[in-house]
Asker: 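Quick one: this structure, given as C-alpha cells, is what I'll be asking you about.
Lettering of chains follows the sequences in order, A, B, ..., and the numbering in each one begins at 1. Values reported hereafter were calculated over all heavy atoms of this structure, with side chains retained and with hydrogens, waters and symmetry mates removed. What you see is a predicted model; the values in this text were computed from it and never measured.
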Amino acid sequence: MAAVAKTSGSARAGEPETTMSGDAPSGAMLEIAGLNVSYPVYEEEPVHAVRDLDLSVRSGEIVGLVGESGSGKTTLARAVMGLLTQPGRIDSGSIRFDAKDMRALSENQLRAIRGRDIAMVIPNPRSELDPLIPVGKQIAAVARAHLDIGRAEADAMALDMLKAVHIPDPARRFRAFPHELSGGMAQRVVMAISLVCSPKFVISDDATSGLDVTVQAQVLDLLRTLVREHDTSMLFITRDVGITAHFCDRVAVIYRGEIVEFARTADFFENPQHPYSVMLLAAFAHNPALRNKWHKPLASTEAEAGRACLYAPRCVHREDECDARHPDLRELGARHLVRCHFPVERVA
Amino acid sequence: MRILRYIGRRSLFIGPQLFGIILVSFLLVKLIPGDPAVMMLGPFATEEQLAMLNEEMGLDGTIIDQFWIYLQNLVQGDLGTSWQTTKPVFDDLAIRFPATLELITLSLLLALLIGIPLGVAAAYFKRSIVKKFSDYYGLLAGSLPDFWLGLILIYLFYTIMQVAPAPLGRIDFAVLPPAPVTNFLIIDSLIAGNWQALWSTLGHLVLPVVTLAVINAGPILKMTQATMERMLESDLIRYAEMCGLPKSVVIRKAFRNSLPSVVTIVSVLYGFLIGGAVLVEIVFSWGGAGQYAVQGVLNADINPVLGFVLFSAILSLIIYLLVDLIYFAIDPRIRG
C-alpha cells in the first residue's frame with residue numbers, strides 16, 4: 001500500500017509517509033499524488049488552483065469530490081485529462097491512470113485515452129455539443145475516432161447508446177440537432193457520448209448542475225446505473241454535498257485546491273470531522289440554528305498559503321495554532337483523512 | 001419550404017428598398033455641383049443655347065419633376081443616355097458591369113484561397129512562423145494601396161520581365177474578341193470556342209486579379225483567424241478535445257462553426273469591390289463599372305452614376321440573399 005501511495009513524492013520529500021490512498025489496493029484506476037497546478041498571473045504571484053493533492057480512485061469505485069466554485073475541482077479534472085486551460089500548468093506531482101503515467105504521455109497518446117478510457121460528462125452541454133451536427137452523428141464520431149469500426153456500425157452503436165440513456169424516440173432524436181433538445185435530453189446525449197466507448201473511467205464535472213431537481217435525480221440515477229453496469233470507475237465532481245450521499249463510495253472535500261477531508265461516504269456523513277465539511281453539510285440541513293453556528297462570513301483577506309491553515313479565516317473553531325502552522329492531512333479512524341488541527345468530535 | 005417562404009418574404013421588400021436607394025442617390029447626385037449643359041456645349045456656348053439644351057434634357061424643371069421623369073423612364077427600362085459615350089447607360093453598363101464582376105469575382109476567389117488557409121493555420125499554430133507571417137501580412141495588406149501594388153506588379157512583370165500583357169484593357173487589341181453574349185469574356189470565349197481570346201483574357205486578368213486578391217485576402221485572413229481563435233477556445237472545441245477526436249476533425253469542426261463570419265466578410269467585400277476596385281480598374285485601363293461611374297461624377301454626367309448605383313444596389317441585394325441562403329445551408333438553427 002505504501003509503495004502505491006508514494007509514487008512521486010517530489011513535492012513532499014521529507015514529509016512523513018501519509019496514507020493518502022486509504023487502503024488503496026494495487027488496482028487503483030486513478031492515482032494522483034502531490035499534484036500542484038497553478039495559473040501564472042502577469043507580474044504577480046501565480047494562482048495555485050490545486051495544492052499537494054493526493055487522490056485515488058479504485059477500479060469500480062465512485063469517488064465524490066465536493067467543493068465550492070473556485071476550489072479547483074474543474075482544474076483537477078482538466079489536469080487529469082491533460083487539457084488544462086491556458087496558461088495553467090502542472091508544477092509538480094504525478095497522475096497515474098491505469099498504470100500509465102499521464103504526464104509522460106505524448107499528445108497523441110493522450111488523445112487516444114480521452115473519450116476512450118477516460119470520458120468526461122460536462123454540465124450545460126448545449127454549448128459544448130456541435131450545433132451544426134445531428135447528435136446521433138456526434139456520438140458516432142466519438143465511437144469512430146476510438147474504435148476501429150465503420151460508419152454504419154458507429155451509427156448503430158450511437159443509436160444503442162441513445163436507447164441506453166432512455167431518450168424517448170431514439171431513432172428520431174438521432175437526427176435531431178442540439179438546439180432541438182431540452183437540457184435534460186442534451187445531458188443524456190453527453191452521457192451517451194461519454195459511455196459509447198465503454199470507458200474505464202468517467203469524470204463527471206458538476207454534470208447535472210444545470211438541470212431541474214427532478215430531472216437531475218433521473219439523470220443521476222441513470223448515470224450511476226450505467227457506470228455500475230459497465231464496471232466503470234468514476235470521479236464525481238459536484239458542488240452539492242447532498243448528492244454524494246446516495247451516489248459515491250467515498251467522498252473527498254476540496255477547499256482552495258486542498259483535500260481537507262476524505263472518507264468513506266457512511267463515515268463522512270455520520271461523522272464529518274473538518275469544520276468546512278460540517279459547514280457544507282449544515283448549509284444543506286433544514287436547521288437554521290445549525291447553519292448559523294457553522295457559518296462565518298467570508299473574510300476579506302485570504303490566509304497566506306504555506307504557513308496558516310487555509311480555512312482558518314472562515315473557520316468557527318479557529319485557534320492560534322491554525323494561523324501558525326499549516327495542518328497536514330492525517331488519518332483519524334479507519335480510512336478517514338482530515339486536514340485539521342482540531343477536528344470536530346461531534347456535530348452539535 | 002421554409003426557405004421558399006423566406007425568399008418570398010424577402011423579395012417583397014426589394015421594390016421599396018430599390019426605390020429608397022434611387023431616391024437618395026438621385027438627390028445626392030443632384031447636390032454635386034456642375035451643369036451638364038455647360039460641360040456638353042463647352043465654354044463658348046450662349047445663354048440661349050444652354051437654356052435650350054437644359055429644356056431638351058428636362059433639366060429646367062424642379063428636382064421633383066426631374067425625379068418623376070427619371071422614374072418614368074426607368075420603369076420602361078431606360079436609364080437615360082450618357083452624354084460622354086453618347087450611348088444608352090444600360091448598354092454601357094451591360095458591358096462594364098460584367099468586366100468588373102469578372103475581375104472581382106476571380107479576385108475574391110483567389111483571396112479566399114490565400115486568406116482562409118493562412119487564417120486557419122495562424123489560429124491553430126499560435127506560436128508558429130505562420131502566425132507571425134499572417135500578422136505581418138494582415139498589417140501589410142491593410143496599409144498597401146491597391147493601385148500602388150498594381151503599378152508595382154505592372155512594372156515588375158510587364159516592364160522588366162515582360163511576361164505579363166500590357167495593362168490596357170481586358171483583351172489584346174490584336175485578338176478578335178468573342179461574340180458578346182454575357183459580356184463576361186471568359187464565358188463568351190468558351191461559348192464561342194475562341195481559345196485565343198480565352199488565353200488572352202486570362203492573361204490580362206492575372207495581374208489585376210492578383211493585385212486585388214493580395215489586398216483583399218487581408219480582411220479575410222484576419223476574420224478567419226479571429227473567429228477560428230475564438231472558436232478553438234470555445235466550449236465546443238474543448239469538449240471535442242476531451243472526447244479525444246482527431247486533430248483534423250477538431251479543426252474542421254472549428255472551421256465549420258467559423259464559416260458564417262467568413263461568408264459575411266466575403267459578401268461585404270464583394271459589395272464594396274463593385275465600386276472599390278475603381279483605382280485598380282484605372283491602373284489596368286479595365287473599362288469597368290467603377291471607372292464609368294467616376295467618369296460620370298467628374299463630368300456631371302448624371303445618368304451613368306445613377307445607373308451604376310442602381311446596378312450595384314440590385315447586385316448587393318442578390319448577394320445578401322445568396323448569403324442568407326448559404327447561412328441556411330450551414331446552420332440548422334436558422335433552418336429551424
Asker: To the nearest 0.5 Å, how far apart are CE in B:M242 and CD1 in A:I203?
Answerer: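 It comes to 9.0 Å.
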Asker: Contact between A:R78 and B:R238 at the side-chain level, heavy atoms closer than 4.5 Å - yes or no?
Answerer: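 The answer is yes; the side chains approach within 4.5 Å.
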Asker: Looking only at non-hydrogen atoms, find the nearest pair between A:D130 and B:K253 and report the distance.
Answerer: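 Distance-wise, the nearest heavy atoms are OD2-CG, 2.8 Å.
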Asker: Supply the atom-to-atom distance A:H179 NE2 to B:D331 CG, rounded to the nearest 0.5 angstrom.
Answerer: 8.0 Å
Asker: For the atom pair CG (A:N108) and NZ (B:K247), what is the distance rounded to the nearest 0.5 Å?
Answerer: 6.0 Å
Asker: Counting only heavy atoms not in B:R10 (residues, nucleotides, ligands), do more than 12 fall under 6.0 Å from its CZ?
Answerer: yes
Asker: May I ask you to check whether over 12 heavy atoms, not counting those of B:I129, lie within 6.0 Å of atom CD1?
Answerer: no
Asker: Please tell me if the side chains of A:L132 and B:R333 come closer than 4.5 Å, counting only heavy atoms from C-beta onward.
Answerer: yes
Asker: CD/A:E128 to CD1/B:I237 distance, rounded to the nearest 0.5 angstrom?
Answerer: 11.0 Å
Asker: Using every non-hydrogen atom in the two residues, find where B:C243 and A:V142 come nearest and quote the distance to one decimal.
Answerer: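 Closest pair (atom of B:C243, atom of A:V142, distance): CB-CG2, 3.8 Å.
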Asker: Take atom NZ of A:K100 as the centre, draw a 6.0 Å sphere, and report whether it contains more than 12 heavy atoms from other residues, nucleotides or ligands.
Answerer: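 Yes, the 6.0 Å shell around NZ holds more than 12 heavy atoms from other groups.
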Asker: How far apart are the closest heavy atoms of B:P332 and A:P131, and which atoms are they?
Answerer: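 Heavy atoms only, the tightest pair is CG-O, 3.1 Å.
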Asker: Using side-chain heavy atoms (C-beta onward) and a distance below 4.5 Å, is A:M81 in contact with B:E241?
Answerer: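 Not in contact.
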